[in-house]
Protein chains: 2
Amino acid sequence: MTGIKALARHLDLSIGTVSRALNDKADVSPATRKRVLAAARELGYRPNHSGRALRQGRTSTIGLVLETGSPASLAGDAFFMQLIDAMQETFSAAGTDLVLLPCRSADDPIEFLRRQVGRRMVDALVITATRRQDPRIAMLVEEGMPFLALGRSGTPGDWPWIDLDFEGVADRAVAELAALGHRRIALVAPRKEVNLAHVWMDGYRAAIRRHGLEEHEGLMLRLSVSENGGRQAAEAVLGMDPRPTALLLVSEMMAPGVYARLGEAGLEPGRDLSVIGFRRNPQLGFLRPELAGFALDLRALGTAVGEAALGLAVSPADPVRLVWPMDYVPAASVRPPPAE
Amino acid sequence: MTGIKALARHLDLSIGTVSRALNDKADVSPATRKRVLAAARELGYRPNHSGRALRQGRTSTIGLVLETGSPASLAGDAFFMQLIDAMQETFSAAGTDLVLLPCRSADDPIEFLRRQVGRRMVDALVITATRRQDPRIAMLVEEGMPFLALGRSGTPGDWPWIDLDFEGVADRAVAELAALGHRRIALVAPRKEVNLAHVWMDGYRAAIRRHGLEEHEGLMLRLSVSENGGRQAAEAVLGMDPRPTALLLVSEMMAPGVYARLGEAGLEPGRDLSVIGFRRNPQLGFLRPELAGFALDLRALGTAVGEAALGLAVSPADPVRLVWPMDYVPAASVRPPPAE
DNA sequence: CTGTTAGCGCCTTCAT
DNA sequence: ATGAAGGCGCTAACAG
């Protein structure tokens, strides 16, 4: 028995008074409050989560759904771990907890979410890897479960989302390459049917057209987001005739594979093939030449995501819809195309 | 109101009867049970987690603590994601849920755990990255919170743990290399002060001594477990004089970095420097020559971990203590040392 | 076989 | 400023 009852008895106070003191409510004498807080700390009292949740009708917990077992979760994890870190900081200040809900890739995501919704273990959900048509969204809207999507989707409705600016990145990357004289730019998109793949490819297509560059569906590769996917991308580019002079990656995690495969072919990134990774990633600082990419402040993004998630319960109206901008950072992996 | 009360009213039954029917208790007529289950499905009834937890004194939820924000979490994540996937399968069959509890690297892990313990949101905890002296263990024992440690620790007591056979792997790897004629074997251990680093190094030292190989603390490198750490390992080996003829990695995720750095120096893994990665990882199938390592069935391990975790609540006595064996799988990255 | 009742731990209203 | 009491949703013991 480490509950509030024991604490109250220990202090020779009523449960109600102790509760008010702990929760910073009015109508408690300063002396009593102080005494209660001291005793609570001393006895290591923590409110029982279930009791509080039952009474208050909310759990002060937000769940982030993660897909496990899928190969794509792999490269993204470093990303998510940092994002989660920042989210949690924001939550912590608001007295909210973050739990990660692993959804088995083998399980039906709809069934998984429905279960979470019904259990009412979390007040809100953050879902990731949104699909172009995402039945999870319609379901959550219908069930009335507040949620934030990390990623847009074609699914209609006024639901809140935050997404990276894949379109803007593709646009800017193509512009940079075009300005240097590149005319054949290959693109790597995720193999998975996530929405961002389409945003990314659409952004690329539009930019290619705008700059009057070579337009050809064969220049767009769908590969797994991993080092090996990068190898395969380089492999594919090497096999193209005429060979593209630049390669645009949907994830910088593929770059080491690209570099390795180019090296094996006696080619050098930048000199023989310009490469733009998606996100500037300090973890890849070892790459030579340095990889051009787009700066992303994961801490700031995590804070924004955290705040949006916290706001879900508060203001269901006017949902967040935020495209997170990213700034191009040039590097030696991007140079003018080699002379033909 | 989607609770049991509404369901009972809808069926014109008492709450108690409905509850018994739903929970497969005795003393419910088959007809009633069928009717209740049908209505529950139709109305999408799911028991409220808090209500049930409060009443039963347990949450049927197990928490796995993850460190976020730390660089080491990075390479390990693919590992964990697969492990989690298998754990969850086991839990699911037992009606238990798995939640991941992200612990910020900036936060005090003891405080974090104490909080989780007090909240009683999970029935048991699985902790990872055990330290040589790990205050978390003493704390959890003292608080009476059932837990399973993924990793041993020098912390005394009869607490349950499951660990990979780092010692056996080091021993076998050294034996294989010695049999081929290697006499100078470099070792890479994690930079972080995790217990496995010491088990790993001790296993290596013992094996080196047993085989009468060159013994020198300078042959043991402490590096971050990442591709870049692998680069640094290769870099260090290249700088040693006399140069080691073999390199033993604590994680296969470092191998691409090793290969890349060797390639830059005009050296070839296997021919010029034998390399053994820790775990056979299909994800690294692209490496040439293929990387020698130790087979690990992550699904089986996940199942074992899941079962051990489920058993925590049941049988606090006789705690699991399991060293998970791994089998050596030779590959072309290991060859006799080059002629001097 | 079913209904009634008590109570898990907590917060909140109402009474004092 | 404090205590008493009710009830959040659920299950388990008991009564019928």
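Below, chains carry the letters A, B, ... as their sequence lines are ordered, and counting in each starts from 1. All values below come from the heavy atoms of this structure, side chains included, with hydrogens, waters and symmetry mates left out.
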Looking only at side-chain N and O atoms, does A:Tyr45 come under 4.0 Å of OP1 or OP2 in C:dC10?
yes
How about B:Leu83 and B:Arg299: do any of their side-chain heavy atoms sit closer than 4.5 Å?
no
Take atom CG of A:Leu13 and atom P of D:dA4, then tell me their distance rounded to the nearest Å.
11 Å
Indicate the atoms forming the closest heavy-atom contact of B:Val65 with B:Cys103, along with that distance.
CG1-CB, 4.0 Å
side-chain hydrogen bond (donor to acceptor under 3.5 Å, both in side chains): pairs with one or both residues in residues 34-47 of chain B, sequence neighbours excluded
A:Glu111-B:Arg46
To the nearest Å, give me how far apart NE2 (B:His49) and P (C:dG9) are.
16 Å
Can a side chain N or O of A:Asn48 be found less than 4.0 Å away from OP1 or OP2 on C:dC10?
no
Heavy atoms from C-beta onward define the side chain here; which of D:dT2, C:dC1, D:dC10 lies closest to that of A:Ser29?
D:dT2
Side-chain donor/acceptor of A:Arg55 to base of D:dC8, under 3.5 Å:
no
Between B:Ser50 and B:Gly16, which residue's closest nucleotide on DNA chain D lies nearer the 5′ terminus?
B:Ser50
Of the options C:dG9, D:dT11, C:dC11, whose atoms approach the side-chain atoms of B:Leu54 most closely?
C:dG9
Salt bridge (Lys or Arg N to Asp or Glu O under 4.0 Å), that's the test. Do A:Glu143 and A:Arg119 meet it? Break it down for me.
CA-CA 12 Å; A:Glu143 294 272 7; A:Arg119 288 160 52 88; over 6 Å; no
Over how many whole Å does the gap from B:Asp12 atom CG to C:dG3 atom P extend?
8 Å
Expressed in angstrom and rounded to an integer, what is the separation of B:Gln56 atom CD from D:dA13 atom P?
11 Å
Heavy-atom check, side chain of B:Leu312 versus side chain of B:Val320, under 4.5 Å
no
Enumerate all atom pairs, one protein N or O and one N or O from nucleotides 14-16 of chain D, separated by less than 3.5 Å.
none

Give the rounded distance in Å between these two atoms: NZ of A:Lys25 and P of D:dT2.
17 Å
Roughly how many Å is it from CG in B:Leu22 to P in C:dT2, rounded to a whole number?
13 Å
Side-chain contact, heavy-atom cut-off 4.5 Å: A:Ile162 with A:Arg321?
no
Calculate the interatomic distance between A:Arg119 atom CZ and D:dG9 atom P; express it in whole Å.
17 Å
Considering non-hydrogen atoms only, spot the tightest contact between A:Trp159 and A:Ser153 and give its length.
CH2-N, 3.5 Å
As a test of reading the structure: which of D:dT2, D:dC10, D:dA12 is closest to the side chain of A:Thr17, going by heavy atoms?
D:dT2
Just call it for A:Thr32: base, sugar-phosphate, or nothing, with non-hydrogen atoms closer than 4.0 Å on any strand.
sugar-phosphate
If you find the nucleotide of DNA chain C closest to B:Ile15 and the one closest to B:Gly51, which residue's nucleotide is nearer the 5' end?
B:Ile15
Can you measure A:Arg52 atom CZ to C:dT12 atom C1' for me and round it to whole angstrom units?
13 Å
